[in-house]
Amino acid sequence: MNIKYKAGIFDLDGVIVDTAKYHYIAWKNLAHELGFEFSKTENQLLKGVSRERSLEILLSIGGIEVDDETKIRMAKQKNDEYVRLIKQLDRSEMLPKVESFLRSLRNYGIKTVLGSASKNAPLILQRLDIEKLFDAVIDGNKVSKAKPDPEVFLKAAKEVGIDPVNCVVFEDAEAGLQAAKLAGMYAVGIGKPDQLPSADIVFPGLYGVDIKKMFFS
Ligand code: B16
Ligand code: MG
């Protein structure tokens, strides 16, 4: 058995855990306060998108224009509520087979890295008690360019000393898959094929991925 890929890079929201529902509650409450509705379908637009960009999308849906100072205040208000919600997060909310998937990769000597846009990634990993299952964590606190820029994944590969061509990215957002391809990596979509055109291959969840088939030849 020859090893093809030496590192697995994992997005957080939508791959490891479904935090989108908590982002949704916090954005919806902000929209209500501003006097408009924000639907679950519209929330899909915020998948994998940075906090600042998410706020801009939300405000454009509501047809609202505000100055930069107000944007900072609104983003903080939304994040404070989101953090209150995810402080209650527990291991039962981890997506199916995530932990055994990470453990298997590590048993094969494959590096595991988190590559997320979220600035709250450390808190989420701590709540799920899976920090030790990652060799490195690259999150929204460590990058300056949002996906589809490949910065997050290139930094992730560099941190564990693996060439980008030997990395597999697991991502649920189209922008994240574009970032993976721009980084020169193999891009695995998590979700529905019709919504993830940039993926090399798509699975409904990590539970559907055969590690031997994907990482070895
Ligand atoms: P925060 P991911 C992303 O996480 C979420 O999908 C996206 O909805 C969120 O706006 C972004 O993190 C920033 O999160 O406000 O916690 O910094 O999918 O890249 O793991
Ligand atoms: Mg995601």
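Whatever order the structure lists them in is the order used to number ligands and atoms, beginning at 1.
- At a 4.0 Å cut-off, at least one heavy atom of S54 sits close enough to ligand 1 to count as contact.
- Within ligand 1, counting atoms from 1 as listed, the ones closer than 4.0 Å to a heavy atom of Y82 are 16 (O).
- Residue-ligand proximity, L12 to ligand 1, at heavy-atom distances under 4.0 Å covers atoms 20 (O).
- Interface atoms of ligand 1 facing N120, defined by a heavy-atom separation under 4.0 Å, are 1 (P), 16 (O).
- Counting the atoms of ligand 1 from 1 in the order shown, those under 4.0 Å from a heavy atom of K147 are 19 (O).
- Of all the N, O or S atoms in D172, the one closest to the Mg ion (ligand 2) is OD1.
- Judged by the shortest distance from any of its heavy atoms, A173 lies outside the 4.0 Å radius around the atoms of ligand 1.
- Comparing heavy-atom distances from atom 10 (O) of ligand 1 across L55, V49, L123 singles out V49 as nearest.
- Using a 4.0 Å cut-off between charged side-chain N and carboxylate O, D163 and K6 make no salt bridge.
- Among I16, D172, I57, D11, the residue whose heavy atom lies closest to atom 2 (P) of ligand 1 is D11.
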Show the numbers, then the answer: is there a side-chain contact (heavy atoms from CB on, under 4.5 Å) between N120 and L12? CA-CA 10 Å; N120 294 301; L12 181 60; over 6 Å; no

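- Atom OD2 is the N/O/S atom of D11 found closest to the Mg ion (ligand 2).
- Of all atoms in ligand 1, listed by their number and element, those nearer than 4.0 Å to a heavy atom of S118 are 1 (P), 12 (O), 13 (C), 14 (O), 16 (O), 17 (O).
- Nearest protein heavy-atom neighbour of atom 19 (O) of ligand 1: A117 N, 2.8 Å.
- By the 4.0 Å N-to-carboxylate-O rule, D80 lies too far from R84 to be salt-bridged with it.
- Looking at atom 5 (C) of ligand 1, its nearest protein heavy atom turns out to be D13 OD2, 3.4 Å.
- Between E93 and R127, none of the side-chain N atoms (NZ, or NE/NH1/NH2) sits under 4.0 Å from a carboxylate O, so this pair counts as no salt bridge.
- Applying side-chain hydrogen bond (donor to acceptor under 3.5 Å, both in side chains) to H23 and the options K78, K47, E81, K28 leaves one that passes, K78.
- Among protein heavy atoms, the minimum distance from atom 15 (O) of ligand 1 is reached at R51 NE, 2.8 Å.
- The only option from D135, I124, I9, L125 that meets the side-chain contact (heavy atoms from CB on, under 4.5 Å) definition with L114 turns out to be L125.
- Within D13, the N, O or S atom at minimum distance from the Mg ion (ligand 2) carries the name O.
- Aromatic ring orientation, F10 versus F170: parallel (interplanar angle below 30°, classes split at 30° and 60°).
- Every atom of ligand 1 with a heavy atom of K119 under 4.0 Å away is listed here by number and element: 1 (P), 16 (O), 17 (O).
- In terms of polar-atom proximity, defined here as any N/O pair under 3.5 Å, S116 does make such a contact with ligand 1.
- Atom 8 (O) of ligand 1 has its closest protein heavy atom at L46 O, 2.9 Å.
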